[in-house]
Amino acid sequence: MVNIDTPYSCKSVAKKLILFLALVFSCKYTNSFSFSLLFLFLLSALLTSKHLLLLRTVFYAALFMVFNEWFIPKSTFFAISQKILLLFAAFVLFFKIFGKRKNNLIKPVFMILPYILFLSFSSLFGFNPVISYMKLILWSSVMLAFVSVTILVVNDRKVTSKDVREMCLSVAIFFVSGSILLSFIPSIGYLTPEEFVFSSDSLSLLKGVANHSQSLGPICVLLIVLLLADNIFSLQKFDVLYTLLILGAIYLVYSTHSRTAMASLLASLSFIFFIAMRRNPAIGKKWQRKIAGFVVFGIFSLGIFVAVYQPIQRQIIMFTLKTVKTDAQFDVDSMLSSRSALLDLVMYNFKKSPVIGNGFQVSVDMKNVKINSITDLISAPVEKSTWVYAILEEGGVIGMVLFLFFVITMYVSLLKRGGYVSVSVFTSLLLVNLGEFTIFAMSGMGGVIWALFFIALIIDSKRRDEMKFLTRAVFFNSAKL
(Lines give C-alpha, C1' and ligand atoms only; values in the text may rest on other atoms or scores of the structure.)
Protein backbone atom coordinates (compact mmCIF):
# COMPACT_ATOMS: atom_id res chain seq x y z
CA MET A 1 0.00 0.00 0.00
CA VAL A 2 1.02 3.64 -0.43
CA ASN A 3 3.16 5.36 2.14
CA ILE A 4 1.15 8.36 3.35
CA ASP A 5 4.40 10.29 3.83
CA THR A 6 5.12 10.04 0.07
CA PRO A 7 1.78 10.63 -1.68
CA TYR A 8 3.54 10.84 -5.05
CA SER A 9 6.99 10.47 -6.58
CA CYS A 10 8.36 13.49 -8.48
CA LYS A 11 10.43 11.13 -10.62
CA SER A 12 7.37 9.08 -11.55
CA VAL A 13 5.34 12.24 -12.29
CA ALA A 14 8.14 13.45 -14.57
CA LYS A 15 8.21 10.14 -16.46
CA LYS A 16 4.44 10.20 -16.97
CA LEU A 17 4.64 13.83 -18.10
CA ILE A 18 7.34 13.01 -20.69
CA LEU A 19 5.30 10.11 -22.06
CA PHE A 20 2.20 12.32 -22.21
CA LEU A 21 4.12 15.06 -24.03
CA ALA A 22 5.47 12.49 -26.48
CA LEU A 23 1.94 11.33 -27.29
CA VAL A 24 0.62 14.90 -27.66
CA PHE A 25 3.40 16.08 -29.98
CA SER A 26 3.32 12.88 -32.01
CA CYS A 27 -0.36 13.65 -32.69
CA LYS A 28 0.58 17.19 -33.68
CA TYR A 29 3.15 16.12 -36.26
CA THR A 30 1.16 13.18 -37.69
CA ASN A 31 -2.14 15.02 -38.13
CA SER A 32 -3.49 13.09 -35.11
CA PHE A 33 -2.75 9.71 -36.73
CA SER A 34 -0.67 8.83 -33.65
CA PHE A 35 -3.91 8.84 -31.69
CA SER A 36 -4.24 5.25 -32.94
CA LEU A 37 -1.52 4.36 -30.39
CA LEU A 38 -4.24 4.55 -27.76
CA PHE A 39 -5.87 1.52 -29.38
CA LEU A 40 -2.64 -0.40 -28.76
CA PHE A 41 -2.55 0.84 -25.17
CA LEU A 42 -6.16 -0.25 -24.72
CA LEU A 43 -5.57 -3.74 -26.12
CA SER A 44 -2.39 -4.13 -24.07
CA ALA A 45 -4.21 -3.06 -20.90
CA LEU A 46 -7.09 -5.48 -21.57
CA LEU A 47 -4.83 -8.44 -22.33
CA THR A 48 -2.52 -7.88 -19.36
CA SER A 49 -5.15 -6.56 -16.90
CA LYS A 50 -3.12 -3.39 -16.36
CA HIS A 51 -5.98 -1.29 -15.08
CA LEU A 52 -3.93 1.85 -14.50
CA LEU A 53 -2.96 1.87 -18.19
CA LEU A 54 -6.63 1.34 -18.98
CA LEU A 55 -7.55 4.41 -16.92
CA ARG A 56 -4.87 6.54 -18.58
CA THR A 57 -6.03 5.47 -22.05
CA VAL A 58 -9.68 6.34 -21.47
CA PHE A 59 -8.76 9.58 -19.67
CA TYR A 60 -6.45 10.72 -22.49
CA ALA A 61 -9.08 9.87 -25.13
CA ALA A 62 -11.59 12.14 -23.43
CA LEU A 63 -9.08 14.91 -22.71
CA PHE A 64 -7.70 15.15 -26.24
CA MET A 65 -11.10 16.20 -27.56
CA VAL A 66 -10.84 19.63 -25.91
CA PHE A 67 -7.17 20.28 -26.74
CA ASN A 68 -6.00 23.25 -28.78
CA GLU A 69 -5.86 22.27 -32.46
CA TRP A 70 -2.25 23.43 -32.53
CA PHE A 71 -1.50 20.33 -30.42
CA ILE A 72 -4.20 17.90 -31.55
CA PRO A 73 -5.44 18.56 -35.12
CA LYS A 74 -9.15 17.72 -35.21
CA SER A 75 -9.04 15.65 -38.36
CA THR A 76 -11.90 13.38 -39.44
CA PHE A 77 -9.69 10.42 -38.52
CA PHE A 78 -9.28 11.74 -34.99
CA ALA A 79 -12.99 12.49 -34.48
CA ILE A 80 -14.05 9.01 -35.61
CA SER A 81 -11.19 7.18 -33.86
CA GLN A 82 -11.88 8.86 -30.52
CA LYS A 83 -15.50 7.75 -30.52
CA ILE A 84 -14.71 4.22 -31.73
CA LEU A 85 -12.10 3.80 -28.99
CA LEU A 86 -14.52 4.84 -26.23
CA LEU A 87 -17.36 2.74 -27.67
CA PHE A 88 -15.08 -0.30 -27.94
CA ALA A 89 -13.80 0.24 -24.40
CA ALA A 90 -17.36 0.45 -23.07
CA PHE A 91 -18.42 -2.74 -24.89
CA VAL A 92 -15.44 -4.81 -23.70
CA LEU A 93 -15.28 -3.45 -20.16
CA PHE A 94 -18.99 -4.05 -19.61
CA PHE A 95 -18.27 -7.81 -19.56
CA LYS A 96 -15.17 -7.44 -17.39
CA ILE A 97 -16.95 -5.81 -14.44
CA PHE A 98 -19.37 -8.70 -13.84
CA GLY A 99 -18.68 -10.19 -10.43
CA LYS A 100 -16.57 -7.22 -9.36
CA ARG A 101 -17.31 -5.54 -6.04
CA LYS A 102 -19.23 -2.30 -6.52
CA ASN A 103 -17.68 0.29 -4.24
CA ASN A 104 -20.20 2.25 -2.13
CA LEU A 105 -18.87 5.51 -3.54
CA ILE A 106 -19.62 4.37 -7.10
CA LYS A 107 -23.13 3.04 -6.52
CA PRO A 108 -24.93 6.44 -6.40
CA VAL A 109 -23.71 7.19 -9.94
CA PHE A 110 -26.18 4.57 -11.20
CA MET A 111 -29.02 6.74 -9.88
CA ILE A 112 -28.79 8.76 -13.08
CA LEU A 113 -30.24 5.77 -14.97
CA PRO A 114 -33.93 6.66 -14.25
CA TYR A 115 -33.32 10.07 -15.84
CA ILE A 116 -31.60 8.55 -18.90
CA LEU A 117 -34.34 5.93 -19.32
CA PHE A 118 -37.00 8.62 -19.13
CA LEU A 119 -35.17 10.74 -21.72
CA SER A 120 -35.06 7.65 -23.95
CA PHE A 121 -38.86 7.72 -23.84
CA SER A 122 -39.39 11.49 -24.12
CA SER A 123 -36.99 11.71 -27.07
CA LEU A 124 -39.51 9.74 -29.14
CA PHE A 125 -41.68 12.87 -29.15
CA GLY A 126 -38.83 15.40 -29.24
CA PHE A 127 -37.36 17.73 -31.85
CA ASN A 128 -35.22 15.06 -33.54
CA PRO A 129 -35.43 11.49 -32.15
CA VAL A 130 -32.60 10.18 -34.38
CA ILE A 131 -30.06 12.73 -33.12
CA SER A 132 -31.27 12.27 -29.54
CA TYR A 133 -30.81 8.49 -29.66
CA MET A 134 -27.36 8.73 -31.24
CA LYS A 135 -26.28 11.14 -28.51
CA LEU A 136 -27.85 8.92 -25.85
CA ILE A 137 -25.84 5.97 -27.15
CA LEU A 138 -22.62 8.03 -27.15
CA TRP A 139 -23.18 9.43 -23.65
CA SER A 140 -24.18 6.05 -22.21
CA SER A 141 -21.18 4.34 -23.83
CA VAL A 142 -18.64 6.87 -22.56
CA MET A 143 -20.18 6.81 -19.07
CA LEU A 144 -20.12 3.02 -19.12
CA ALA A 145 -16.43 3.11 -20.04
CA PHE A 146 -15.71 5.54 -17.17
CA VAL A 147 -17.73 3.55 -14.63
CA SER A 148 -16.21 0.22 -15.73
CA VAL A 149 -12.64 1.53 -15.56
CA THR A 150 -13.35 3.05 -12.16
CA ILE A 151 -14.70 -0.26 -10.81
CA LEU A 152 -11.71 -2.19 -12.17
CA VAL A 153 -9.14 0.27 -10.79
CA VAL A 154 -10.84 0.45 -7.38
CA ASN A 155 -10.85 -3.36 -7.13
CA ASP A 156 -7.21 -3.67 -8.23
CA ARG A 157 -5.06 -3.65 -5.09
CA LYS A 158 -1.94 -3.22 -7.21
CA VAL A 159 -3.12 0.28 -8.15
CA THR A 160 -2.72 2.81 -5.34
CA SER A 161 -3.90 6.38 -4.87
CA LYS A 162 -0.27 7.35 -5.47
CA ASP A 163 -0.42 5.91 -9.02
CA VAL A 164 -3.65 7.75 -9.85
CA ARG A 165 -2.37 10.95 -8.26
CA GLU A 166 0.81 10.87 -10.35
CA MET A 167 -1.19 10.44 -13.56
CA CYS A 168 -3.42 13.37 -12.62
CA LEU A 169 -0.48 15.59 -11.65
CA SER A 170 1.35 14.93 -14.91
CA VAL A 171 -1.69 16.07 -16.91
CA ALA A 172 -2.28 19.05 -14.61
CA ILE A 173 1.32 20.20 -15.04
CA PHE A 174 0.98 20.11 -18.82
CA PHE A 175 -2.41 21.79 -18.79
CA VAL A 176 -1.52 24.60 -16.37
CA SER A 177 2.11 25.31 -17.33
CA GLY A 178 1.36 24.87 -21.04
CA SER A 179 -1.53 27.34 -20.89
CA ILE A 180 0.55 29.88 -18.98
CA LEU A 181 3.34 29.61 -21.58
CA LEU A 182 0.83 30.04 -24.42
CA SER A 183 -0.49 33.21 -22.77
CA PHE A 184 2.71 34.81 -24.13
CA ILE A 185 2.03 33.50 -27.66
CA PRO A 186 -1.21 35.21 -28.80
CA SER A 187 -1.28 33.49 -32.20
CA ILE A 188 -1.69 30.10 -30.49
CA GLY A 189 -2.93 30.74 -26.97
CA TYR A 190 -5.79 33.19 -27.61
CA LEU A 191 -9.10 32.97 -29.44
CA THR A 192 -9.05 34.08 -33.05
CA PRO A 193 -11.72 36.33 -34.63
CA GLU A 194 -13.22 33.17 -36.21
CA GLU A 195 -13.70 31.63 -32.73
CA PHE A 196 -14.94 34.73 -30.91
CA VAL A 197 -16.87 37.78 -32.09
CA PHE A 198 -14.56 40.66 -31.23
CA SER A 199 -15.53 44.30 -30.95
CA SER A 200 -13.09 47.18 -30.75
CA ASP A 201 -13.23 47.19 -26.93
CA SER A 202 -13.33 43.42 -26.32
CA LEU A 203 -10.80 41.68 -24.11
CA SER A 204 -8.53 39.03 -25.60
CA LEU A 205 -9.64 35.67 -24.24
CA LEU A 206 -7.03 33.06 -23.33
CA LYS A 207 -7.68 29.46 -24.38
CA GLY A 208 -4.20 28.05 -23.60
CA VAL A 209 -3.85 24.37 -24.42
CA ALA A 210 -7.64 24.05 -24.64
CA ASN A 211 -9.76 24.62 -27.75
CA HIS A 212 -11.66 27.55 -26.24
CA SER A 213 -11.58 29.91 -23.25
CA GLN A 214 -14.95 28.44 -22.22
CA SER A 215 -13.21 25.05 -21.98
CA LEU A 216 -10.05 26.27 -20.25
CA GLY A 217 -11.92 28.08 -17.46
CA PRO A 218 -14.18 25.21 -16.28
CA ILE A 219 -11.42 22.59 -16.60
CA CYS A 220 -9.10 24.75 -14.49
CA VAL A 221 -11.85 25.12 -11.87
CA LEU A 222 -12.26 21.34 -11.65
CA LEU A 223 -8.47 20.85 -11.50
CA ILE A 224 -8.17 23.41 -8.69
CA VAL A 225 -10.95 21.74 -6.72
CA LEU A 226 -9.57 18.23 -7.32
CA LEU A 227 -6.04 19.22 -6.25
CA LEU A 228 -7.13 21.32 -3.27
CA ALA A 229 -9.57 18.70 -1.96
CA ASP A 230 -6.99 15.94 -2.41
CA ASN A 231 -4.42 18.10 -0.61
CA ILE A 232 -6.74 18.81 2.32
CA PHE A 233 -8.48 15.46 2.74
CA SER A 234 -5.78 13.03 1.54
CA LEU A 235 -2.32 14.58 1.92
CA GLN A 236 -3.35 16.77 4.89
CA LYS A 237 -0.18 18.83 4.62
CA PHE A 238 1.33 21.69 2.63
CA ASP A 239 2.69 20.62 -0.75
CA VAL A 240 4.72 22.89 -3.05
CA LEU A 241 3.68 21.26 -6.36
CA TYR A 242 -0.01 21.31 -5.45
CA THR A 243 0.21 24.95 -4.38
CA LEU A 244 1.98 26.05 -7.57
CA LEU A 245 -0.54 24.23 -9.78
CA ILE A 246 -3.50 25.67 -7.89
CA LEU A 247 -2.14 29.24 -8.06
CA GLY A 248 -1.33 28.82 -11.76
CA ALA A 249 -4.82 27.50 -12.49
CA ILE A 250 -6.42 30.42 -10.60
CA TYR A 251 -4.44 32.81 -12.82
CA LEU A 252 -5.74 30.96 -15.89
CA VAL A 253 -9.35 31.18 -14.68
CA TYR A 254 -8.93 34.95 -14.38
CA SER A 255 -7.27 35.16 -17.80
CA THR A 256 -10.23 33.44 -19.51
CA HIS A 257 -12.52 36.22 -18.20
CA SER A 258 -15.16 33.55 -17.69
CA ARG A 259 -17.72 34.85 -15.21
CA THR A 260 -19.14 31.37 -14.70
CA ALA A 261 -15.71 29.86 -14.04
CA MET A 262 -14.77 32.55 -11.53
CA ALA A 263 -18.10 32.33 -9.66
CA SER A 264 -17.92 28.53 -9.69
CA LEU A 265 -14.39 28.63 -8.29
CA LEU A 266 -15.36 30.91 -5.41
CA ALA A 267 -18.42 28.80 -4.58
CA SER A 268 -16.42 25.56 -4.78
CA LEU A 269 -13.68 26.89 -2.51
CA SER A 270 -16.34 27.90 0.03
CA PHE A 271 -17.85 24.40 -0.16
CA ILE A 272 -14.46 22.73 0.43
CA PHE A 273 -13.71 25.08 3.34
CA PHE A 274 -16.91 24.27 5.20
CA ILE A 275 -16.63 20.52 4.52
CA ALA A 276 -13.06 20.56 5.84
CA MET A 277 -14.14 22.50 8.90
CA ARG A 278 -17.08 20.19 9.65
CA ARG A 279 -15.10 16.96 9.36
CA ASN A 280 -12.11 18.04 11.44
CA PRO A 281 -12.62 16.56 14.94
CA ALA A 282 -9.99 18.92 16.34
CA ILE A 283 -12.27 21.88 15.65
CA GLY A 284 -15.20 22.01 18.05
CA LYS A 285 -18.58 23.51 17.22
CA LYS A 286 -17.69 26.64 19.15
CA TRP A 287 -14.59 27.20 17.03
CA GLN A 288 -16.48 26.32 13.88
CA ARG A 289 -18.89 29.17 14.55
CA LYS A 290 -16.01 31.53 15.29
CA ILE A 291 -14.16 30.63 12.10
CA ALA A 292 -17.37 30.89 10.05
CA GLY A 293 -18.04 34.30 11.60
CA PHE A 294 -14.49 35.43 10.81
CA VAL A 295 -14.89 34.35 7.16
CA VAL A 296 -18.24 36.16 6.85
CA PHE A 297 -16.69 39.28 8.43
CA GLY A 298 -13.77 39.03 5.98
CA ILE A 299 -16.10 38.79 3.00
CA PHE A 300 -18.17 41.72 4.29
CA SER A 301 -15.00 43.81 4.82
CA LEU A 302 -13.76 42.93 1.35
CA GLY A 303 -17.11 44.02 -0.09
CA ILE A 304 -16.84 47.39 1.64
CA PHE A 305 -13.25 47.79 0.38
CA VAL A 306 -14.34 47.07 -3.19
CA ALA A 307 -17.25 49.50 -2.86
CA VAL A 308 -14.93 52.29 -1.66
CA TYR A 309 -11.78 51.68 -3.74
CA GLN A 310 -12.46 52.82 -7.31
CA PRO A 311 -9.58 51.02 -9.17
CA ILE A 312 -10.76 47.64 -7.89
CA GLN A 313 -14.31 48.48 -8.97
CA ARG A 314 -13.11 49.28 -12.48
CA GLN A 315 -11.20 46.00 -12.75
CA ILE A 316 -14.25 44.02 -11.62
CA ILE A 317 -16.53 45.82 -14.09
CA MET A 318 -14.05 45.29 -16.94
CA PHE A 319 -13.79 41.59 -16.06
CA THR A 320 -17.56 41.16 -15.75
CA LEU A 321 -18.32 42.94 -19.03
CA LYS A 322 -15.23 41.50 -20.82
CA THR A 323 -14.10 44.91 -21.99
CA VAL A 324 -10.90 46.97 -21.98
CA LYS A 325 -12.79 50.26 -21.55
CA THR A 326 -11.77 51.73 -18.20
CA ASP A 327 -14.86 53.97 -18.15
CA ALA A 328 -17.32 51.11 -18.74
CA GLN A 329 -20.44 51.23 -16.57
CA PHE A 330 -21.88 48.14 -14.93
CA ASP A 331 -25.13 47.15 -16.60
CA VAL A 332 -27.01 43.94 -15.85
CA ASP A 333 -28.56 43.93 -19.32
CA SER A 334 -25.09 44.14 -20.93
CA MET A 335 -23.77 41.36 -18.70
CA LEU A 336 -26.65 39.03 -19.53
CA SER A 337 -27.06 40.03 -23.17
CA SER A 338 -25.32 36.89 -24.43
CA ARG A 339 -27.62 34.62 -22.41
CA SER A 340 -31.03 36.30 -22.20
CA ALA A 341 -32.17 35.44 -25.73
CA LEU A 342 -31.03 31.84 -25.29
CA LEU A 343 -32.82 31.51 -21.94
CA ASP A 344 -36.01 32.95 -23.43
CA LEU A 345 -35.90 30.37 -26.25
CA VAL A 346 -35.25 27.50 -23.82
CA MET A 347 -38.18 28.50 -21.60
CA TYR A 348 -40.42 28.95 -24.66
CA ASN A 349 -39.63 25.37 -25.71
CA PHE A 350 -40.22 24.13 -22.16
CA LYS A 351 -43.70 25.69 -22.08
CA LYS A 352 -44.57 23.85 -25.31
CA SER A 353 -43.89 20.49 -23.59
CA PRO A 354 -43.65 21.09 -19.83
CA VAL A 355 -44.27 17.52 -18.65
CA ILE A 356 -41.94 15.29 -20.70
CA GLY A 357 -39.73 17.86 -22.45
CA ASN A 358 -38.40 17.97 -26.01
CA GLY A 359 -35.77 15.23 -26.16
CA PHE A 360 -32.15 14.58 -25.24
CA GLN A 361 -29.52 17.13 -26.40
CA VAL A 362 -31.49 18.63 -29.30
CA SER A 363 -32.79 22.09 -30.09
CA VAL A 364 -35.76 23.34 -32.09
CA ASP A 365 -33.58 24.17 -35.13
CA MET A 366 -32.75 20.46 -35.46
CA LYS A 367 -36.32 19.50 -36.40
CA ASN A 368 -35.64 19.34 -40.13
CA VAL A 369 -31.85 19.38 -40.14
CA LYS A 370 -30.16 17.54 -43.00
CA ILE A 371 -27.89 14.69 -41.87
CA ASN A 372 -24.97 14.00 -44.21
CA SER A 373 -22.96 11.59 -42.04
CA ILE A 374 -22.94 9.74 -38.72
CA THR A 375 -20.58 12.41 -37.41
CA ASP A 376 -23.36 14.97 -37.89
CA LEU A 377 -25.64 12.81 -35.77
CA ILE A 378 -23.24 12.36 -32.86
CA SER A 379 -21.58 15.77 -32.85
CA ALA A 380 -24.53 18.00 -33.76
CA PRO A 381 -23.75 21.01 -31.54
CA VAL A 382 -26.38 22.37 -29.18
CA GLU A 383 -26.23 25.29 -26.75
CA LYS A 384 -28.60 25.31 -23.78
CA SER A 385 -27.02 27.71 -21.26
CA THR A 386 -27.54 26.72 -17.59
CA TRP A 387 -28.28 23.06 -16.70
CA VAL A 388 -31.41 24.00 -14.73
CA TYR A 389 -33.13 25.42 -17.82
CA ALA A 390 -31.67 22.74 -20.10
CA ILE A 391 -33.01 19.88 -17.98
CA LEU A 392 -36.44 21.49 -17.98
CA GLU A 393 -36.40 21.93 -21.76
CA GLU A 394 -35.14 18.41 -22.50
CA GLY A 395 -36.93 16.39 -19.83
CA GLY A 396 -39.73 18.61 -18.58
CA VAL A 397 -40.88 18.57 -14.97
CA ILE A 398 -40.55 14.77 -14.73
CA GLY A 399 -36.98 14.92 -16.03
CA MET A 400 -36.08 17.65 -13.54
CA VAL A 401 -37.45 15.61 -10.63
CA LEU A 402 -35.45 12.54 -11.72
CA PHE A 403 -32.26 14.55 -12.21
CA LEU A 404 -32.60 16.25 -8.82
CA PHE A 405 -33.12 12.80 -7.28
CA PHE A 406 -29.77 11.78 -8.78
CA VAL A 407 -28.05 14.95 -7.50
CA ILE A 408 -29.44 14.60 -3.96
CA THR A 409 -28.52 10.91 -3.86
CA MET A 410 -24.96 11.75 -4.90
CA TYR A 411 -24.55 14.35 -2.16
CA VAL A 412 -26.08 12.23 0.61
CA SER A 413 -24.12 9.11 -0.35
CA LEU A 414 -20.73 10.76 -0.94
CA LEU A 415 -20.85 12.87 2.22
CA LYS A 416 -22.04 9.94 4.33
CA ARG A 417 -19.22 7.69 3.08
CA GLY A 418 -16.45 10.26 3.26
CA GLY A 419 -16.08 10.92 -0.47
CA TYR A 420 -14.92 14.47 0.14
CA VAL A 421 -12.74 14.85 -2.95
CA SER A 422 -15.41 13.48 -5.28
CA VAL A 423 -18.27 15.46 -3.73
CA SER A 424 -16.17 18.63 -4.10
CA VAL A 425 -15.52 17.90 -7.78
CA PHE A 426 -19.19 16.98 -8.29
CA THR A 427 -20.18 20.35 -6.82
CA SER A 428 -17.86 22.12 -9.26
CA LEU A 429 -19.25 20.01 -12.11
CA LEU A 430 -22.74 21.33 -11.37
CA LEU A 431 -21.55 24.90 -10.82
CA VAL A 432 -19.62 25.26 -14.09
CA ASN A 433 -22.71 23.96 -15.89
CA LEU A 434 -24.71 26.91 -14.61
CA GLY A 435 -23.04 28.90 -17.38
CA GLU A 436 -22.99 26.43 -20.24
CA PHE A 437 -24.69 23.02 -20.23
CA THR A 438 -22.04 20.41 -21.06
CA ILE A 439 -22.90 17.54 -18.68
CA PHE A 440 -24.08 15.36 -21.57
CA ALA A 441 -21.75 16.72 -24.28
CA MET A 442 -19.42 13.72 -24.43
CA SER A 443 -17.89 14.88 -27.71
CA GLY A 444 -16.35 17.80 -25.85
CA MET A 445 -16.31 19.22 -22.32
CA GLY A 446 -18.70 16.63 -20.91
CA GLY A 447 -16.19 13.82 -21.31
CA VAL A 448 -13.46 15.77 -19.49
CA ILE A 449 -15.52 16.90 -16.49
CA TRP A 450 -16.89 13.38 -15.95
CA ALA A 451 -13.38 11.91 -16.30
CA LEU A 452 -12.09 14.26 -13.59
CA PHE A 453 -15.03 13.32 -11.37
CA PHE A 454 -14.31 9.59 -11.69
CA ILE A 455 -10.62 10.21 -10.95
CA ALA A 456 -11.76 11.95 -7.75
CA LEU A 457 -13.94 8.92 -6.95
CA ILE A 458 -10.96 6.59 -7.38
CA ILE A 459 -8.76 8.76 -5.13
CA ASP A 460 -11.46 8.74 -2.43
CA SER A 461 -11.96 4.98 -2.71
CA LYS A 462 -8.24 4.23 -2.61
CA ARG A 463 -7.73 6.58 0.33
CA ARG A 464 -10.45 4.83 2.32
CA ASP A 465 -9.03 1.37 1.55
CA GLU A 466 -5.50 2.48 2.41
CA MET A 467 -6.59 4.00 5.72
CA LYS A 468 -8.41 0.76 6.61
CA PHE A 469 -5.26 -1.19 5.78
CA LEU A 470 -3.10 1.08 7.94
CA THR A 471 -5.61 0.89 10.80
CA ARG A 472 -5.59 -2.90 10.70
CA ALA A 473 -1.79 -2.96 10.54
CA VAL A 474 -1.56 -0.72 13.61
CA PHE A 475 -4.12 -2.87 15.45
CA PHE A 476 -2.27 -6.15 14.73
CA ASN A 477 1.09 -4.64 15.68
CA SER A 478 -0.42 -3.39 18.96
CA ALA A 479 -1.93 -6.83 19.60
CA LYS A 480 1.47 -8.49 19.13
CA LEU A 481 3.03 -6.11 21.65
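Just the heavy atoms: all of them, side chains too, but no hydrogens, waters or symmetry mates, feed the values below.
Contact annotation: the side chain of Phe406 never approaches that of Ile116 to less than 4.5 Å [non-hydrogen atoms, C-beta and beyond]. Side-chain contact between Leu52 and Glu166 is absent, with no heavy-atom pair separated by less than 4.5 Å. Phe233 has its side chain within reach of Ser424: a pair of non-hydrogen atoms, C-beta onward, lies under 4.5 Å apart. With a 4.5 Å cut-off on side-chain heavy atoms, Phe59 and Cys168 do not count as touching. At a threshold of 4.5 Å between non-hydrogen side-chain atoms, the residues Ser264 and Leu434 do not count as touching. For the pair Phe20/Tyr60, a side-chain contact is recorded, criterion being any heavy-atom separation below 4.5 Å from C-beta on. Side-chain contact between Asn155 and Ile151: present, with at least one pair of heavy atoms (C-beta onward) separated by less than 4.5 Å. Side-chain atoms of Ser443 and Lys83, non-hydrogen and from C-beta on, do get closer than 4.5 Å to each other.
Sparse packing is recorded around NZ of Lys15, with 12 or fewer heavy atoms of other residues, nucleotides or ligands lying under 6.0 Å away.
Listed here is the closest heavy atom pair of Phe360 and Ser132: O-OG, 2.9 Å. Minimum interatomic distance between Ala456 and Val421 (heavy atoms only, all atoms of both residues): CB-CG1, 3.8 Å. The two residues Ile188 and Asn68 have their closest heavy-atom pair at O-ND2, 3.0 Å. Scanning all heavy atoms of the two residues, the minimum distance from Ala61 to Leu85 falls at CB-CD2, 3.8 Å. Of all heavy-atom pairs between Asn31 and Pro73, the closest is OD1-CB, 3.4 Å. The shortest non-hydrogen separation linking Ser49 to Lys96 is OG-NZ, 4.3 Å.
A salt bridge links Arg463 with Asp460; the closest basic N to acidic carboxylate O contact falls under 4.0 Å.
Under a 3.5 Å cut-off, the side chain of Asp230 and the backbone N or O of Leu226 do not form any donor-acceptor pair. The backbone N or O of Ser170 lies less than 3.5 Å from no partner atom in the side chain of Lys16, so there is not a single donor-acceptor pair. Proximity of a side-chain donor or acceptor of Ser422 to a complementary backbone N or O of Gly419 within less than 3.5 Å is detected. Proximity of a side-chain donor or acceptor of Lys462 to a complementary backbone N or O of Val153 within less than 3.5 Å is detected. Of the possible polar contacts, one joining the Trp387 side chain to the Leu430 backbone as a donor-acceptor pair under 3.5 Å is found. At least one donor-acceptor pair under 3.5 Å links the side chain of Asn231 to the backbone N or O of Lys237. With Thr256 contributing its side chain and Gly217 its backbone, the two residues share no donor-acceptor pair below 3.5 Å. Of the possible polar contacts, one joining the Asn433 side chain to the Ile439 backbone as a donor-acceptor pair under 3.5 Å is found. Within the 3.5 Å criterion, the main-chain N or O of Ser161 finds a donor-acceptor partner in the side chain of Glu466. A donor-acceptor pair is defined here as one N or O able to donate and one able to accept, closer than 3.5 Å; such a pair exists between the side chain of Ser26 and the backbone of Leu23.
Interatomic distance, Lys50 NZ to Lys158 NZ, rounded to the nearest 0.5 Å: 9.5 Å. For the atom pair Ile72 CD1 and Phe64 CZ, the distance stands at 4.5 Å (nearest 0.5 Å). For the atom pair Asn211 CG and Leu191 CG, the distance stands at 9.5 Å (nearest 0.5 Å). Atom CG of Leu252 sits about 7.5 Å away from atom OG of Ser183, to the nearest 0.5 Å. With values rounded to the nearest 0.5 angstrom, Ile398 atom CD1 is found 12.0 Å from Leu392 atom CG. Rounding to the nearest 0.5 Å places OG1 of Thr243 at 10.0 Å from CG of Leu227.
Between Trp70 and Phe25, the ring planes are perpendicular. Angles over 60° get that label, and only those under 30° would be called parallel. Using the six-membered ring where Trp is involved, Phe95 and Phe91 have ring planes that are perpendicular, over 60° apart on the 30 and 60° scheme. Relative orientation of the Phe437 and Phe440 rings is perpendicular, given thresholds of 30° and 60° on the angle between their planes.
Applying the side chain to side chain contact (heavy atoms under 4.5 Å, CB included) rule to Ala267 yields the partners Leu431; only residues at least two apart in sequence or on another chain are considered.
For the side chain to side chain contact (heavy atoms under 4.5 Å, CB included) with Leu457, the lone residue among Leu452, Val425, Val109 that qualifies is Val109.
Note: Phe78 and Phe67 fail the aromatic proximity criterion, with ring centroids not under 6.0 Å apart. Remark: aromatic rings of Tyr411 and Phe426 are close, center separation under 6.0 Å.
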